[in-house]
Each structure stands twice: as C-alpha cells, then as structure tokens.
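Naming: A, B, ... by sequence-line order, numbering from 1 per chain.
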Amino acid sequence: MSSLSQNLSKIFGEAFTALGLPAALGAVRVSDRPDLAQFQCNGAMSAAKQAGKNPRAVAQDVLDALEGHAAFSKLEIAGPGFINIILDDAYIAAHLQVLGADEQFGVAPEGAGQKIVLDYGGPNIAKAMHVGHLRSSIIGDCLRRIYTFAGYDTIGDVHMGDWGTPMGMILSELTLMGHTGPVTMELLAEIYPRASASCKEDEARMALARAATKALQDGDPEATARWREFIEVSIAGMKANFDALGVHFDEWKGESDAHPFIESMITDYKARALAVESDGALVVNVAEPGDKKEIPPLILLKSDGAVLYGTTDLATIIDRIQAHNPVKIIYCVDQRQFLHFEQVFRAARKGGMVRDGRPELVFAGFGTMNGTDGKPFKTRAGGVMRLEDLIAMGLEKARARLEEADIAADLAPEEREDIAQKVAIAAIKFADLQNPRHSDYIFDLDRMISFEGKTGPYLLYQAVRIKSLLRKAGLGDIAAAPLKQSILILDDVVRPLALLLAEFPDHFQLALENFTPHVLCEYVYRLAQAFSSFYGSCHILSEPDEAVRAVRLALCAMTYRQIEAVMALIGVQIPERM
RNA sequence: GGUCCCGUAGCUCAACCGGAUAGAGCAUCUGCCUUCUAAGCAGAGGGUUACAGGUUCGAGUCCUGUCGGGAUCGCCA
C-alpha cells in the first residue's frame, strides 16, 4: 500500500530505467499547476542535463515508453520538459478502493519490531508548569503518535528535572526555614523562586544549595527522604496538566534515574582517558577536526564534584539502551539546547554507546513561543503564564462560544462541557503544531481561540458536520468502518477530494522523516477545506441518482475517517456534535 | 567578536530533491442561510520573496557580499 504519487513514481521509474536513466529521476509529485495536470514528473530535465541531451526529447522518450499504459488518461510535455499527468478515473477509483479498505490509509508499518524512545515534556520538580512546557509536551506527544502509527514500539519518557542544583536550593531553603512538616505544592511554589533568587545574589547562600545538591546526589538519607516527598507532590501537579492536554507518557522517569549509571560511566570514561581533568572539573573533549566552531567540552563533574545535566543526559542514554535498545532516541527540547545536545551526542559516540549510528540520536528542537510583541511570551503582568491558566483561558473562551451558539443549548451540561474541552484543546494544540517545529512563533491567544479560519475548532467543525451528515443518512457506523463501496464513479465534484485523500501517505512520510507535525496540520486543514467546498457545492442527501449519492456518501465516510485519524495523530478528539 | 538560524501580502505564517502563474489564515471589500451545522462557502483586491551580485534551461530555495533581527559560545537547566 502506498500513495498515488508513490505508485506513479514506480511506473515512471521503470520507464526511466528502461531508457538507461536513474529510476529516481522518475519521481512523480502532485502537480503545482492543478489547472494543467494532476501530477507531474520533472526528471526528464535533470536527466537531459546530466546526459547533455534535449530535455523535451528525453521527455518524449519517456512518454513513448509509457504509451498505452492504463493508468493514464493524458500525458503531455510542457515548457522546458515537464511531463504533465492526468490519470484515468478508473485508476484513481481503484486506488481509492484499496486505500479506503486500509486501516492505515496507505501508510506502511515500516517500524514494526523497532523501538523508539522519545524524550519530551521535561517538567521541573517544585515548579509550576508554564507555557514553556507546552511545545515540548504536545510536539513530543504528537511525534510519539506519529511513530506509533508507523508501526514503531514507542516509549514516551517525561524526563523530569529532578536532580540538579534546584533540588539543592529547595532542600537548603527548607533547612534554613527549619521546616519539618509535610511539603505541599503550594509551599514548593512559594519557596523555590525565593531560594533561586537568593542563591543568585548571595554566593554563600548558593554554596549551601550546592552542598545540599551534593548531599542528595551522594545519597544522604535525610535529604533523599525529603526530596522524594516533594517529588511526589510535584508529579501530582504535572499529571493534572498533562491529563488536561491529553499528553501521554509511558515512563515517568527523571534525571535522577540516571544516577545509578553515572559512577560506572565516569570510571569507564576516565579509564579510557576519554574524560580528563580541566580547571578542577572532569570533562570530555568533544571537539572534532572538521569543526568550524570550537565545541566546548562536556563537563561530567563540576569542580565541587557534583554532576551536571550533561552528565545525567549522557547516563540516561545508557539507561535507555539497556532498558529498550531503541533504534532512535528523539529529544523534543528547546532549540536553544542545541549545543548542549551536540556535546552529549558526541560524548555518547566517543564513549561507544552509539555504534554504527544506533541508536540514532535525534535533536528535534523547537523554537521559542513569543508574545505578540515578538519577545518571549509573558502574561500582561510580565510574569510567566502557567500552563493551567492558559488551558483555563481556552476553556473559558470555548464555553462562551458555545453559549452564543443556539445549537448547543439543548445539550446536557456534561456534553457541553465535554465539547468545550475538546474545542479548547484542539485550539491550543493546532495553534502550536501548525507551526514548523524548529522556528520561533508568535503565540497570539486571541487569534488561537477565535475559532475561525485555520484553527483546531474549524477542523472539529468540519468533522462534526460529516458525522452528522452520515448519521442522517443512516450510516453513522460506517464512519468507523472501512469503506465498502464496491464501485467508485468519479466526477468533477468528488475528484478533487478523492485525489487529496490519496495524498495522505506522502504527507505522513514527510512528517515522520523530518519530525514535523506541521505537515500533517497543513494536510488535514486542506482536506477539511476540500470537504467543505465539496459539501457546499452539492446537496448529498437529496441527490436523486442513487449511485451518485452512494459515491458521495462513501467519500464523506472516507474523509471523516481520515480527518479523525490525522486529528488523533495531532492528539485531538472529535466530539459527536458542536 | 566566532558560529548557527531567520528576513516572503497590512498582520501571522506555508512553499517536498532548484521547477511552470509564490500559497493559506486574519484584516478589507462583494455575494450566499425557506434542503445535509454560516465556527461555513464562493469571489475580489493585496508581492521587486530585505538589498546587491553570481551559478543555469529555470532561484523564495544554492554560492558570495551588505543591511536588519534572533539564538548560542565550560562548571544553571
């Protein structure tokens, strides 16, 4: 199973091969000029360049080789040597037939039997989750869903920040306060900023924090007991946020879980002279001859003997390899940590954890979320917006929108609340995921929750309209079942939708290879638009011609299933009505 | 200062290996609810892809330079 363009690329590739040309040049893609063709092949121009021939002549040779092929209704050469392709409707229909019966919509289970670890979320102990955690959480969760869809056995790890100096700051603050009673999230939220601030301005205070950090990392029983206590209360808070977002993790590990691997790792690096002393610290030199820029060494131990996040990140790789032996480890973290992970990855290769590129260490960095002023996102008061506040604002807006709409008035309160939640989450997730992962983006709350145009709620709305239509046609269950329609007759009304449905594997593949959810967002939006256009151009239920009506309903069902599937990849659920 | 990323419509952003007439959304304007949900649809206007060169059949995309913005550059994460 595959996409139309993949199948056509194969046909063209064979034609190119028959002419003694590289099969790869036969690549066929969806046409840039829908007014001229459905698909195009540009390979004749490249081939002609390499062979020093006339591109149109090469294109003609290709067409001659394909003469009489049943897939094509029209093949023609245009411009300098483009080959324009229009398919035979029966060929499209047959393809759609297979696609519609496939649970995977043509996506091959390439990852079967292979494991992938994804590192995302990254919340910190004792700190309220804020908007900075939003991207990591939803992009990482989306990538996990994408890889799962491709057949991989995925392990999502939240990788909490539970081991660094902040832990020492809190521990020492509690000691200074003489606090012995139970620790609550409120208490932690109150003392952490205070401790952090005083450590920043007071070196002596910082020394206390460092000492406490060291004590914890050395296994001091009292420090450990207390630390466990505030980890527990923190996790409860994190889970509330992740549950609200519908973000899932398979493992709730943290930096501290790397601890058991650190000592032997350091001993090993030292024994092999990979780690050396420098200015009192223990470092791994990771600079390589071809470097344009000086890559600083990775510090394993600070001069006071404490470990850093680079140490735990490196040791975590050992943990993950031992536990899962993954083919890839994907880090969904802030783009600004690029250099850090470059250092860690190099150290991992140097240490032999990565051999022959396995596991492949992938830095899937994401850009900063900025406010409408272009600067890092802040609340109106200038503070960091808490994640739960952001979700609450989206929810409030969704409720208000439901109030306005008469349709929701007759629904039970529970259903309306459920709809409001789904709308809010769809708005938040789509607003984020539709941006290219690696670039910064302007986070505009008003735009995101306007629910108009290219938004999550628009997609939900289109999906719900299809569902409602199918229900009225008495086909409510077909939406969940593979397409059974035996003969598809295409006409100008349904053909664009049919061709778009067949594109899915192409877009999925791009998202998978490049770790780019926005490609799927773009596709599902186009699909919803194409459906809406189709929906507006003809009346389906009152269509007198039974065969035409059946085809249109079949396309509706298929479109619904595909929108639902892509939305599920994005991590969004579709309500029954809205 | 070194390195990397970015600069596309009034605003926010797309554009797969270099492909044809650079696409969406918002905003503006014009139509469309007495048949399937108007959170919608159809259409219009809006561009020297920062600037200057270069490579070639073809450049938003590749190369060089200039200007502007951002990130980062060993004991925080």
What is the nucleic acid contact for [X], judged by heavy atoms within less than 4.0 Å: base, sugar-phosphate only, or nothing?
X: A:N54; value: nothing
X: A:A78; value: base
X: A:Q40; value: base

Protein-to-nucleotide contact annotation, 5' to 3' order, nucleotides 71-77 of chain B [B base; S sugar-phosphate only; - none; under 4.0 Å, heavy atom]: SSSBBSB
Taking only residues two or more places apart in sequence or in another chain, which ones pass side-chain contact (heavy atoms from CB on, under 4.5 Å) with [X]?
X: A:N435; result: A:R135, A:Y441
X: A:A128; result: A:R386
X: A:R346; result: A:V286, A:E288, A:D291, A:I295, A:E342, A:R349
X: A:Y535; result: A:R465, A:L469, A:F531

Residues touching RNA chain B, which here means a heavy atom under 4.0 Å, drawn from residues 516-528 of chain A: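 Output list: A:H518, A:E522, A:Y525.
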Contiguous pairing runs of three or more, Watson-Crick or G-U under 3.5 Å, that involve RNA chain B: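 For RNA chain B the paired stretches long enough to count as stems (3 pairs minimum) are B:1-7 with B:67-73, B:10-13 with B:23-26, B:28-32 with B:40-44, B:50-54 with B:62-66.
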Of A:S533 and A:S46, the one whose closest RNA chain B nucleotide lies more 5':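 Its nucleotide being nearer the 5' end, the pick is A:S46.
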Comparing A:A27 and A:N435 on RNA chain B - which has the more 5′ nearest nucleotide: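 Of the two residues, A:N435 wins.
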Within residues 37-57 of chain A or reaching into it, pairs that qualify as side-chain hydrogen bond (donor to acceptor under 3.5 Å, both in side chains) - sequence neighbours excluded: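 Applying side-chain hydrogen bond (donor to acceptor under 3.5 Å, both in side chains) to every pair that reaches into residues 37-57 of chain A, excluding sequence neighbours, yields A:D32-A:Q40.
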All pairs passing side-chain hydrogen bond (donor to acceptor under 3.5 Å, both in side chains) where residues 293-303 of chain A contributes a residue, at least two apart: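 Checked against side-chain hydrogen bond (donor to acceptor under 3.5 Å, both in side chains) - neighbours excluded - no pair reaches residues 293-303 of chain A.
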Set of ring pair (Phe, Tyr, Trp, His ring centres under 6.0 Å) partners for A:Y269, sequence neighbours left out: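 Checked A:Y269 against ring pair (Phe, Tyr, Trp, His ring centres under 6.0 Å); zero matches.
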Residue list, ring pair (Phe, Tyr, Trp, His ring centres under 6.0 Å) with A:F82, at least two apart or on another chain: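 Partners of A:F82 by the ring pair (Phe, Tyr, Trp, His ring centres under 6.0 Å) criterion come out as none, since no residue qualifies.
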Counterpart residues, side chain to side chain donor-acceptor pair (under 3.5 Å), relative to A:S256 (two or more places apart):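 Partners of A:S256 by the side chain to side chain donor-acceptor pair (under 3.5 Å) criterion, ordered by chain and then number, come out as A:D162.
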